[in-house]
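No experiment lies behind these values; they were computed from the predicted model shown. In what follows, chains are A, B, ... by sequence order, proteins preceding strands, each numbered from 1.
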Amino acid sequence: MSSSPLVVDLETQTPTGKPDFREDIVERVGWLEEGAKTAKWAGCVCPLAGVWYNHKSVLMHNAMYDFGILHRLQRWDLHDMGVHDTLALAYALGEQDLSLKGLGQKYLGVQTVTHSQQEKIGPEQYHAQDLWLTQRLWGKLRGMERGTAYDIDRALIPALIDCSYRGYEIDQERLEQATLAAEATCGRTRKAFERLVGEVSILCSRRKKTTKKQGTEYIETFGPPSINSPIQLQRYFGIDSTSKETLDEIAKGDDDQALAAALIGQWRKSDKLLDTYFYPNRRKEKLTGLFNITPSESGEGGTGTGRLSSERSNMQNLTPALERCLRAPDGYLLMRADYPQLELRCAAELSNDEYLIGAFQEGRDLHEETRAWLGLDSRVKAKNFNFGAGLYGGGADYVSRIVGRPRNQVAELMQKHRQLWTGWWNWTEEHWRRVQRTSYSVAPEPFLHKRYIPLLAGDHTKKAAVNHPVQCMAVYICKEAMVRLFREGWLLVNQVHDAIHCYVPSDDNIDLRKQQFREIMESTAAKYLPRIGAAPVDVKVGRYWSQEEA
DNA sequence: TCGAGCTGCGCG
DNA sequence: AAAGCGCGCAGCTCGA
């Protein structure tokens, strides 16, 4: 049994154009054993079976992808095999360029042969260089690693591969009902809107036409605005954004425009449901998505904070109307739990804010206290203030909007908030100074996930810098809980930042399972929130994700 | 007809 | 110019 990992690299074909380990086709497999003088290659994954069991772990550059394929083709056990991944490691270290070639140049000074030059050295040599590069890079980057972020991420890789194959079962009958209802709303609101604006005429489109004789001219068409055209609606209302918020404001009036705005709001809601959530899932048995820990080698997708992202389908932005149609397969129940106020608790812990810590320890209502302290008229406004201005660094204009006060009263509100959350505000300034010195934001101990902060990017920079440690700490707590669940054999289905979903067999002892689920999540949080203590985690169970009526 | 870029909106 | 942070995706717009 070799202690150093078996390096593996797959050459694949992507039929859909976008890489997807659940479907892509393997063309060649390369591997490199410890002490071997040469890399080996094969046209299929079969020969690997005789090699891998001599190793405790495998090493790849982008193991989510390669290991995901090997699991599919060879049933490589997701639980037994340790995984190392130079992509995940580089990500946790805050690297900008996550490509193997870029990292090789930066850390090893290796100038790789480009794809167009591969004829010169032959395909075998060309592909072998990636194996050597990965192996050497791993040794180099491991030496730079300080915190636990990478170890949590690499343990999560098999769990997320598992998740990406599992998915929810779709109840087509419920989906059909929901579709019919949404179509009815769409038709009704569109017709009502058309009746309302039938007489109006605005500029509908202007397209440039370049002719040799007359140079550039514009062809314009006029008519009533279409409900689905933001630019036409802008002209109709005489505004420069037709976002939901703006339309809600207009809808408060009592003229034709107010009615039109209300209709657009209803139409958009149902149209969004149909186009994004209902139609794409018709006649599909399962809803599954790919989870990303890191951006791709080319920098697409993924997050900068350590959060996961999900695509094809995105499992992290499903809406309640679709959640009602999603369920566990026959013989299973869906168990789901989320961490209440996890980000706020992390903010309190990492900034050592005495007030916040005390409030959490005594279980007081933070937003209500903020409301009273600032003299606001609703708890919702206070909550928006705490998040928008407190956690995410919103400025005076933003605060002015959310609390509905003129700008000249805002500075006073901000000042008062600083007196309440003293520790937090001090921490943000201190952290911002650190980031300015180093150009990196580092998440708290023991995670130490790094995010590169380009200091010349404007005001957004400070907000992103301050937000990173909070969001990062919260999600690594959730990730570690997932890792523990996975290791103990739970069937993970989904993660939505601070929420985890699993399947359990219906004939298990459900109360016991709920208790175990809660214990794993609570003890993981308690480990990293020693001063605040375990947040109570409420575990919900049922056949469907959401049982609420439409 | 294609796509890049934008707007709008779903989630935490 | 103004912007609360973090995502992915669908449709629209408009030039090529």
Inset, instruction - Taking ring-ring contact (aromatic ring centres under 6.0 Å, His included) as the test, write out the residues that go with A:Trp427, two or more places apart. - result: A:Trp424, A:His431
Legend entry - No-hydrogen, no-angle side-chain donor-acceptor test under 3.5 Å, A:Gln172 and A:Glu285: no
Inset, instruction - Classify the nucleic acid contact of A:Gly395 as base, sugar-phosphate or nothing, counting any heavy atom under 4.0 Å across all strands shown. - result: nothing
Legend entry - Length of the CZ-P vector between A:Arg451 and C:dC5, whole Å: 11 Å
Legend entry - Whole-angstrom distance between C:dA3 and B:dT7, as gauged at atom P: 15 Å
Inset, instruction - Considering just the side-chain nitrogens and oxygens of A:His497, establish if one lies under 4.0 Å of OP1 or OP2 belonging to C:dG8. - result: no
Inset, instruction - Would you mind classifying the nucleic acid contact of A:Gly394 as base, sugar-phosphate or nothing, using non-hydrogen atoms under 4.0 angstrom? - result: sugar-phosphate
Legend entry - Separation of atom CZ in A:Phe291 from atom P in C:dC7, rounded to whole Å: 16 Å
Inset, instruction - Grab the stems for DNA chain C, please: at least three consecutive Watson-Crick or wobble pairs, both distances below 3.5 Å, written as range with range. - result: B:1-12 with C:5-16
Legend entry - A:His417 versus A:Trp425, side-chain donor and acceptor atoms under 3.5 Å: yes
Inset, instruction - Just grab all the side-chain hydrogen bond (donor to acceptor under 3.5 Å, both in side chains) pairs involving residues 286-297 of chain A, residues at least two apart or on different chains. - result: A:Arg22-A:Thr288, A:Asn292-A:Ser309, A:Asn292-A:Glu311, A:Ser296-A:Ser298
Legend entry - Nucleotide C:dC14, atom C1' - distance to CG of A:Leu203 in whole Å: 13 Å
Legend entry - Heavy-atom closest pair, residues A:Leu287 and A:Met315: O-CE, 3.4 Å
Inset, instruction - Check every strand shown and say whether A:Gly390 touches a base, only sugar-phosphate, or nothing at a heavy-atom separation below 4.0 Å. - result: nothing
Legend entry - Under 4.0 angstrom between A:Ser310 side-chain N/O and C:dC7 OP1 or OP2: no
Legend entry - cation_pi(A:Arg336, A:Phe517) dist<6.0 Å, angle<=45: no
Inset, instruction - Take atom CD of A:Glu343 and atom C1' of B:dC11, then tell me their distance rounded to the nearest Å. - result: 13 Å
Inset, instruction - Have a look at A:Lys463 and say if it touches a base, only the backbone sugar-phosphate, or nothing, with a 4.0 Å heavy-atom cut-off. - result: sugar-phosphate
Inset, instruction - Quick one: label A:Leu318 by what it contacts on the DNA or RNA (base, sugar-phosphate, nothing), any heavy atom closer than 4.0 Å. - result: sugar-phosphate
Legend entry - A:Arg174 with A:Glu323: basic N within carboxylate O range, under 4.0 Å: no
